[in-house]
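Shown next, in structure tokens, is the structure this report addresses.
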Amino acid sequence: MSAGALPGFRDFYPETFAQRSWLFDHWREAARGFGFVEYDGPPLEPLDLYTRKSGDEIVGQLYNFTDKGGREISLRPEMTPTVARMVAARANALRKPVRWFSMPQLFRYERQQKGRLREHFQLNVDIFGEADVAADAELLAVACTVMRRVGLGPDDVKARVSDRRLLAAVLHGLGIAEAATPAVFAAVDKIGRDDDAALVKRMRDAGVEAEVAGRVLDTVRASDFDALARDFAGNADVEAALARFAEYRALLDAHGVLEYLQLDLGIVRGLAYYTGIVFELFDARGEFRAICGGGRYDNLLKALGGVDMPALGFGMGDVVLGELIVSRLAPGETPPWASANAPDIWLAAPEGEPLAGTIRAARALRECGLRVEYPLRPMSSSKQRKAAWSSAARYLLEPEGASADRQYRVKAVAERATPQGQGLAQQFEGRTATIEEIVAAWRTGVGGATDRP
RNA sequence: GUGGCUGUAGCUCAACUGGUUAGAGCACCGGACUGUGGCUCCGGGGGUUGGGGGUUCAAGUCCCCUCAGUCACCCCA
């Protein structure tokens, strides 16, 4: 216990690493499919990169310290300031719109709880330099495509989407003063966490009448697109926001991800810097924290780097998503990454012979891309068979005949014996083969190379 | 930073009201057997009962502190 990792940090044993690696592959391929390109920045940044954006109170959440040169620094808690700096530095030279993604490991200093550690990996996808709503749709489409790729459909995950401009227009339409808007936003953000009395009090303290506060709660809870259009007919700001949202929906339909969408004016996202459409992805049963959150933050680059460029992006953490994926596996179902670490071939070594011949055979197999394991010390054939089974290799090759004319019997290891996976074993069923024959058969695709994750 | 709950082998758990040398299954390692098969049988390594202190003739068990895990609050990138 005492020799474990630091609190909130994880050891990735090979089984766990396989899951992480599987998830990363899907993240990367989903983002690339939309033409996004990968970047990275330093895991350590000057402390003031974060205090400038979020104020000094953020330091309580940061994994910060003083380095040996006396610099105040922090492990990065988020990627946005870093990418904003990088984009701002080359703002004029970059082809627009900038579509970048990254998979940084992020850190924060706080007590861990369900779905939150002190360290996690996060897919960050951002678009810079595009104000059109098509960029908003593209962004959410990437997030939903990741969901689809990892096996989570619209019945498993919902994208709760709002638009801060729509909410602001609605609040204005309800007669709420400009000065009270931030407090009402804060109250709306707390819906579902605080009870109604506390929410109403929060708004009344900002000068909102109790009756209006009640209407705010009703309107947000309903989050009914058609009702908004009806109730606020003639309100130019609301109509403009609704029109934009209608186009957003049409584009998401074209992306094939409309089923994930759920209008929810209660999605505010605490950060002050969001300016437009914002969204969070949740599991449909409401068992977990948000899987993903993001939106449009058109003013942030100007505030941080002085470059005025519209921007939007999201972050998707590996912890909650991983927990959700595991929880959705059927009892006894093997996860998709289960066989990622298994060798293709367990190559049995003949008893009483030097290992060199086996190594040469293994080399021939490896040169065509196979993962090959064999015993590093003399072992009985029954022992080797057991080892092959427990390695979960796809095939077991057992030597027969004299070393001068070495033949192998090809056996499929049962658990992984998919119809494709048995190809080699079927090919050589009832007879033995030389390594050359096996290599040749593999090269023609008989072995089932496609089922490797 | 605050509060609740929980800490026994790698994992899941047992051990009467405080009483002998803290046990079992799985996993791991070794051996036997089977020689188209993951079986079965035998054996083995593994624990400062999270750590420290206290009460007691005697503590895994009771008390205090601490550390860790977990859940919630705060906060959310």
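Every chain is numbered from 1, with letters handed out A, B, ... down the list of sequences. Values reported hereafter were calculated over all heavy atoms of this structure, with side chains retained and with hydrogens, waters and symmetry mates removed. These numbers were taken from a predicted model, which means no experiment stands behind them.
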Give the rounded distance in Å between these two atoms: [atom1] of [X] and [atom2] of [N].
X	N	atom1	atom2	result
A/Tyr109	B/G1	OH	P	6 Å
A/Arg409	B/G35	CZ	C1'	12 Å
A/Tyr395	B/G38	OH	P	20 Å
A/Tyr13	B/C11	OH	C1'	12 Å
A/Lys114	B/C74	NZ	P	17 Å
A/Leu106	B/C75	CG	P	21 Å
A/Arg193	B/C74	CZ	P	6 Å
A/Leu117	B/U70	CG	C1'	12 Å

Do the charged groups of [X] and [Y] touch, with an N to O distance under 4.0 Å?
X	Y	value
A/Lys96	A/Glu130	no
A/Arg71	A/Asp48	no
A/Arg202	A/Asp194	yes

For a quick check of understanding: with a heavy-atom distance under 4.0 Å over all strands, which category does [X] fall into, base, sugar-phosphate or nothing?
X	result
A/Arg108	base
A/Gly8	sugar-phosphate
A/Pro7	sugar-phosphate

When the [atom1] atoms of [M] and [N] are compared, how many Å lie between them, rounded to an integer?
N	M	atom1	answer
B/A24	B/C33	P	27 Å
B/U70	B/C11	P	13 Å
B/U48	B/U21	C1'	15 Å
B/U36	B/G30	P	23 Å
B/G10	B/G4	C1'	29 Å
B/G50	B/C26	C1'	23 Å
B/U49	B/U8	P	12 Å
B/G1	B/U66	P	12 Å

Problem set entry | Beyond-backbone contact of A/Arg366 with A/Leu370, side-chain heavy atoms, under 4.5 angstrom |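 Side-chain contact under 4.5 Å: no.
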For this session: Provide the full list of ring pair (Phe, Tyr, Trp, His ring centres under 6.0 Å) pairs with a residue in residues 287-316 of chain A, sequence neighbours left out, each pair given once.
Result: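 Found A/Tyr273-A/Tyr297.
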Exercise. Quick one: ring pair (Phe, Tyr, Trp, His ring centres under 6.0 Å) pairs with a partner in residues 105-138 of chain A, sequence neighbours left out?
Worked result: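 For residues 105-138 of chain A: A/Phe24-A/Phe121, A/Tyr63-A/Tyr109.
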Exercise. Does NZ or CZ of A/Arg160 lie under 6.0 Å from the centre of the six-membered ring of A/Phe282, at an angle within 45° of the ring axis?
Worked result: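 Here A/Arg160 passes the 6.0 Å and 45° test against A/Phe282.
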For this session: Tell me, please, whether A/Phe185 has A/Arg164 positioned over its six-membered ring: NZ or CZ under 6.0 Å from the ring centre and within 45 degrees of its axis?
Result: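 Ring-cation test returns no.
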Problem set entry | Residue A/Arg116, side-chain atoms from C-beta onward, closest of B/G37, B/C75, B/U70 |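 Nucleotide nearest to A/Arg116's side chain: B/C75.
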Problem set entry | Exam field: side chain A/Gln19 to backbone A/Thr16, donor-acceptor pair closer than 3.5 Å |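 No, the answer is negative, given that no donor and acceptor are paired below the 3.5 Å cut-off.
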For this session: Using the closest heavy atom to pick a nucleotide of RNA chain B for each, name whichever of A/Glu110 or A/Lys411 lands nearer the 5' end.
Result: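 Checking each residue's closest nucleotide, the 5'-ward one belongs to A/Lys411.
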Problem set entry | 5' precedence on RNA chain B between A/Asn124 and A/Leu6 (nearest-nucleotide basis) |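 The 5'-side residue here is A/Leu6.
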For a quick test of reading the model: is some side-chain N or O of [X] closer than 4.0 Å to OP1 or OP2 of [N]?
X	N	value
A/Gln113	B/U70	no
A/Arg111	B/A72	no
A/Gln61	B/C76	no

Exercise. Name the stems with RNA chain B in them: runs of three or more consecutive Watson-Crick or G-U pairs, distances under 3.5 Å?
Worked result: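 The stems are B:1-7 with B:67-73, B:10-13 with B:23-26, B:28-32 with B:40-44, B:50-54 with B:62-66.
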For this session: Could you tell me which residues satisfy salt bridge (Lys or Arg N to Asp or Glu O under 4.0 Å) with A/Glu287, sequence neighbours excluded, listed by chain and number?
Result: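 Scan of A/Glu287 (salt bridge (Lys or Arg N to Asp or Glu O under 4.0 Å), adjacent residues dropped) gives A/Arg285, A/Arg328.
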For this session: Spell out yes or no: do the side chain of A/Arg269 and the base of B/C76 have one donor N/O and one acceptor N/O closer than 3.5 Å?
Result: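 It does not, because no donor-acceptor pair links the side chain of A/Arg269 to the base of B/C76 below 3.5 Å.
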Problem set entry | Positions of residues 372-387 of chain A (non-hydrogen atom under 4.0 Å from RNA chain B), listed by number |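 Nucleic-acid contacts, sorted: A/Arg377, A/Ser381, A/Ser382, A/Lys383, A/Arg385, A/Lys386.
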Side chains of residues 137-147 of chain A: which donor-acceptor pairs under 3.5 Å do they make with residues two or more places apart or in other chains?
{"unit_1": "A/Glu138", "atom_1": "OE2", "unit_2": "A/Arg99", "atom_2": "NH1", "d": "2.7"}
{"unit_1": "A/Glu138", "atom_1": "OE2", "unit_2": "A/Arg99", "atom_2": "NH2", "d": "3.3"}
{"unit_1": "A/Thr145", "atom_1": "OG1", "unit_2": "A/Ala141", "atom_2": "O", "d": "2.7"}

